[in-house]
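Per chain, numbering begins at 1; letters A, B, ... match sequence-line order.
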Amino acid sequence: MQNNKNPIDTAFKERIYTLIGSIPMGKVAAYGQLARLAGAPNQSRAVGRLLKNLPAKSTLPWHRVINSQGKISFSIESEKYQQQRKLLTAEGVIFKNNKVSLKTYQWLA
DNA sequence: CACCTGACGCGTA
DNA sequence: TTACGCGCCAGGT
């Protein structure tokens, strides 16, 4: 266990993980949206870092997290882009001109 | 220690 | 609608 870790950062991380885990299949959430729900409105980049450092063994639906433009935040040429898009398409998310419908975000109030 | 980079987002032009 | 700039800030060089 890491002793002097900042409890606030740890709590933030846990909240983000919980939120991501609560995203229903076929729906998505934006980095900034999650950060906001976790109580840290200007930390969208922190959410991105969390996912980047996410251990491969994790079962979190990281692919359901995209940016506020409704697009996947990887280069359209990258393998990661293709992988994420494939996962989303497999659960019914429709892409139109590389973007998902805004309705896809409506998984919460 | 300075400087760059990035799984972001928003306001302006 | 697309293009930039700036805020934010942990990590890497």
Exercise. Tell me the salt bridge (charged side-chain N to carboxylate O under 4.0 Å, His left out) pairs involving residues 77-88 of chain A, sequence neighbours left out?
Worked result: none

Exercise. Around A:Ile94, counting heavy atoms of other residues, nucleotides and ligands shown, do more than 12 lie under 6.0 Å from its CD1?
Worked result: no

Exercise. What pairs meet the salt bridge (charged side-chain N to carboxylate O under 4.0 Å, His left out) rule with one or both residues in residues 59-68 of chain A, with sequence neighbours excluded?
Worked result: A:Arg64-A:Glu91

Exercise. Sequence neighbours excluded, which residues qualify as side chain to side chain contact (heavy atoms under 4.5 Å, CB included) partners of A:Ile76?
Worked result: A:Tyr81, A:Asn98

For this session: Can you check each nucleotide of nucleotides 6-13 of chain C against protein heavy atoms at under 4.0 Å and return B for base, S for sugar-phosphate only, - for none, in 5' to 3' order?
Result: -BBBS---

For this session: Could you give the distance separating B:dC4 and C:dG5 at their P atoms, to the nearest angstrom?
Result: 15 Å

For this session: Could you list the residues that satisfy side chain to side chain donor-acceptor pair (under 3.5 Å) with A:Thr104, not counting sequence neighbours?
Result: none

For this session: Name the first nucleotide and the last nucleotide along DNA chain B (5' to 3') that come under 4.0 Å of a heavy atom in chain A.
Result: B:dG6 to B:dC10

Exercise. Could you state the interatomic distance from OG1 (A:Thr89) to CD (A:Gln82), rounded to the nearest 0.5 Å?
Worked result: 9.5 Å

Problem set entry | Residues that A:Lys99 engages under side chain to side chain contact (heavy atoms under 4.5 Å, CB included), provided they are two or more places apart | A:Lys71

Problem set entry | Selection: residues 69-77 of chain A, any non-hydrogen atom under 4.0 Å of DNA chain B | A:Ser73, A:Phe74

For this session: Apply side chain to side chain contact (heavy atoms under 4.5 Å, CB included) to A:Thr18 and list each qualifying residue two or more places apart in sequence or on a separate chain.
Result: none

Exercise. What residues form a side chain to side chain contact (heavy atoms under 4.5 Å, CB included) with A:Lys103, not counting sequence neighbours?
Worked result: A:Ser101, A:Gln106

For this session: May I ask you to say what A:Ala30 touches in the nucleic acid, namely base, sugar-phosphate or nothing, with a heavy-atom cut-off under 4.0 Å?
Result: sugar-phosphate

Under 3.5 Å, which donor-acceptor pairs do the side chains of residues 41-52 of chain A form with other protein atoms, sequence neighbours left out?
none

